[in-house]
Protein chains: 2
Amino acid sequence: MKPKLTLKQIARELDVSVSTVSKALKDSTEIGEDTRQKIKAFAKLYNYKPNNIALSLKNRKTKTIGIIIPEIVHHFFTTVISGVEQVANEKGYNVIVCLSNNSFDKEVLNLEMLANGSTDGFILSLAKETMQKQDYHHLKEVINQGMPLVLFDRVIDDINCDKVIIDDGIGAKKAVQHLIDTGCKKIGIISTVDYVSVGKLRTEGYLNALEENNIKVDEDLILKIEDVEHSEKEIEEFLNHNKVDALFAVNEHFAVAAIKALNEHGMKVPKDVSVIGFTNGELSRRFIPSLTTVSQHGSKMGGEAARMLIERLESDEDKEAPYSTTIVETELIKRNSTRS
Amino acid sequence: MKPKLTLKQIARELDVSVSTVSKALKDSTEIGEDTRQKIKAFAKLYNYKPNNIALSLKNRKTKTIGIIIPEIVHHFFTTVISGVEQVANEKGYNVIVCLSNNSFDKEVLNLEMLANGSTDGFILSLAKETMQKQDYHHLKEVINQGMPLVLFDRVIDDINCDKVIIDDGIGAKKAVQHLIDTGCKKIGIISTVDYVSVGKLRTEGYLNALEENNIKVDEDLILKIEDVEHSEKEIEEFLNHNKVDALFAVNEHFAVAAIKALNEHGMKVPKDVSVIGFTNGELSRRFIPSLTTVSQHGSKMGGEAARMLIERLESDEDKEAPYSTTIVETELIKRNSTRS
DNA sequence: TTGTAAGCGTTATCAC
DNA sequence: GTGATAACGCTTACAA
């Protein structure tokens, strides 16, 4: 149980000063060839590694980035983490992950904790509760302190920072267009309540597609689900009252729930009803029938967010670029829940 | 873009010394009531928060724990993270997540990086490559340096540390017993190659159950899959050559792949063939038919691991308890892929 | 070529 | 009651 080796110990051991050791290990030309060799050999032998904490304190930067997400058991968010991780590691950054569990308070707590020296910047997707409350003081605070923040997926206009989003509207529109192209006439949408920005945008894309094809919008075919827990029941109810030949769901859970409900109503997918989901997870890929979905490329988003954050972290203070929003394109993955 | 407030600034502002400020904020009785109030008011007004990095350096502890997992897109691991996160946060610890992507090198790199002051201890599940190489020097190294390590799920006996595992053998046995109880006679197993410890243990449980029920083991019914990528093909092949009335799969992917293959062979699940999976993920829950599985309670494992680690971190150096292994019980979740 | 000293932000010890 | 000082491990002017 030897404690970690420090410069001081090496110095004492080799009977030189701490700064000599420090310089030698950095191959400074100030230090004579022989002492340098001696020191480096010793350091290697005893496997010296500089203490990150001390470096962080000295340099006033930690080389780690914090990512705060609403929930980790959503496949989409885990792919984002992967993306962040990969890019961050490439550039020599560490990643520290915190969960807000969709709670405003926990989001604030996590942010404060990490802001007190643990990270150089943040990548964050807003908790549902935060969007409801529309209280963003904690975000403004960290930005004010000069810590860069990149918002992704669940973002809001009020905050002045870099953002990464997907083309929700366009993606939704493409999906609905595909349904129309394959002969569907009565297309329903299963969405979320409007304060979840993505739900809103995807609904807009749906409406857009209908309009462009001169299909009259039937408000009855628009289902907005408040509570994910009871989504299955609500979808049941919806199907009891409405006849559709296609359904566009704004996430994969709703899509799967819809298929189950349809099956119970004796309707076959995709023969009687086509279904498209948003979010391309395991579930979509492996479900029977496998789901046609709008793929969000989470890891691409994560990578993009990491790139933007690091860019800002490493740019000169003075020539700060204006904030920008990166839009990651979605892709329609055609599988077996739609006709061809 | 004001930089963060420090003790020094408060001191200067209020014309007292740094140590006075420090003490006042800690409600030290040494400091006079009036100055204390003044300082606290000022600190609150300007929202002073101590710098974690400085504290870490001073206290030689970071109050963060590192978790290194092979892959995050596995639902099981994300539930473990959730569990760790929850317990850690309760006890005032931060969690930093790194991925080894099942690569030995990346596991070593991550461990070294975190060991250089970033964390007080580790929770880790071994990369597949590490288990193949059987090279554990990096783990022994950190233990040697006095950093506690808790291994979970994919563990090995060689390493002297706390461990959290599930009762793989017992869980598998219960599953197979359930198949037997519901009238299955020819029970196949879809497992992994033996160096993945869990695959091995689950296979043993399977064998155990058969023996206890005096069912002769048919080696042909034991499929060991090396490469997950081609699992579907291997399972296809397996079914072409063997008639079974039940399949026990050591993870949910294999179970789902098996059901697909069975469907293609015109066999109905569970009418013709019962299927049980291991790992209780989304997929199992939402698949049609929903899968009977052995649930691993990932978040419980994570919580347990965090508890063990923190226990060790906070125990007095001298009265070190011997290392222990916690076994988290599995649970058979009966759903629709087996008969009743 | 090597060493000294200051400083990153904090706390603990001791002196005033 | 309050403040100076040293220390955590490291880097970097600057001095020798």
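Note on naming: letters A, B, ... go to the chains in the order of the sequence lines (proteins, then strands), and numbering restarts at 1 for each one.
Summarising the geometry, the separation between CG on Leu7(A) and P on dA7(D) is reported as 17 Å, rounded to the nearest angstrom. We find that CG of Asn59(A) is positioned 17 Å from P of dG9(D), with the value rounded to whole Å. Summarising the geometry, the separation between CD on Gln9(A) and P on dG9(D) is reported as 8 Å, rounded to the nearest angstrom. Rounded to an integer number of Å, the gap from CG of Leu57(A) to P of dA6(C) is 18 Å. The distance from atom CD1 of Ile39(B) to atom P of dG1(D) is 14 Å, rounded to the nearest whole Å. The distance from atom CG of Asn52(A) to atom P of dC8(D) is 18 Å, rounded to the nearest whole Å. Per the geometry, CD1 belonging to Ile53(A) stands 14 Å off P belonging to dT11(D), to the nearest Å. dT11(C) atom P lies 14 Å from atom NZ of Lys63(B), rounded to whole Å.
For Lys26(B), the listed nucleotide lying nearest its side chain is dT11(C); candidates were dC10(D), dT11(C), dC8(C). Each of dC8(C), dC8(D), dC10(D) was ranked by its minimum atom distance to the side chain of Arg60(A); first place goes to dC8(C).
Nucleic acid contact for Leu55(B): sugar-phosphate only, since backbone atoms but no base atoms lie under 4.0 Å from a heavy atom of the residue. Among the atoms of the strands shown, base atoms are found under 4.0 Å from some heavy atom of Val18(A). No contact: Ser56(A) has no heavy atom under 4.0 Å from any strand. At the heavy-atom level, Lys8(A) lies under 4.0 Å from the strands shown only through sugar-phosphate atoms.
For dG3(C), the OP1/OP2 oxygens have a side-chain nitrogen or oxygen of Thr20(A) closer than 4.0 Å. Side-chain nitrogen and oxygen atoms of Lys58(A) include none within less than 4.0 Å of the OP1 or OP2 phosphate oxygen of dG7(C). Residue Tyr48(A) places at least one side-chain N or O closer than 4.0 Å to OP1 or OP2 of dC10(D). Within the structure, every side-chain polar atom (N or O) of Ser19(A) is placed at least 4.0 Å from both OP1 and OP2 of dT12(D). One finds a side-chain N or O of Thr35(A) lying less than 4.0 angstrom from the OP1 or OP2 phosphate oxygen of dT2(C).
Electrostatic pairing of Asp120(A) and Lys63(A) does not count as a salt bridge here, judged by no charged N lying under 4.0 Å from a carboxylate O. Looking at Glu85(A) and Lys106(B), a side-chain N of the basic residue comes within less than 4.0 Å of a carboxylate O on the acidic one, giving a salt bridge.
Side-chain to base pairing of Ser17(B) with dA4(D): no donor and acceptor N or O lie closer than 3.5 Å to each other. In terms of polar N and O atoms assigned as donor or acceptor, the side chain of Ser22(A) never comes within less than 3.5 Å of the base of dT11(D) in a complementary pairing. Between the side chain of Lys23(B) and the base of dG3(D), a donor-acceptor pair under 3.5 Å is found.
Between the side chain of Asn102(B) and the main chain of Lys128(B), a donor-acceptor pair closer than 3.5 Å is present. Side chain of Arg154(A) to backbone of Leu126(A): a donor-acceptor contact under 3.5 angstrom is found.
Residue Glu71(B) places its CD atom among more than 12 non-hydrogen atoms of other residues, nucleotides or ligands, all under 6.0 Å distant.
Mapping Ile31(B) and Leu5(A) onto DNA chain D via the closest heavy atom, the residue that lands nearer the 5' end is Ile31(B).
In this structure, Asn47(A) and Leu5(A) have side chains that are not in contact, with every pair of non-hydrogen atoms separated by 4.5 Å or more.
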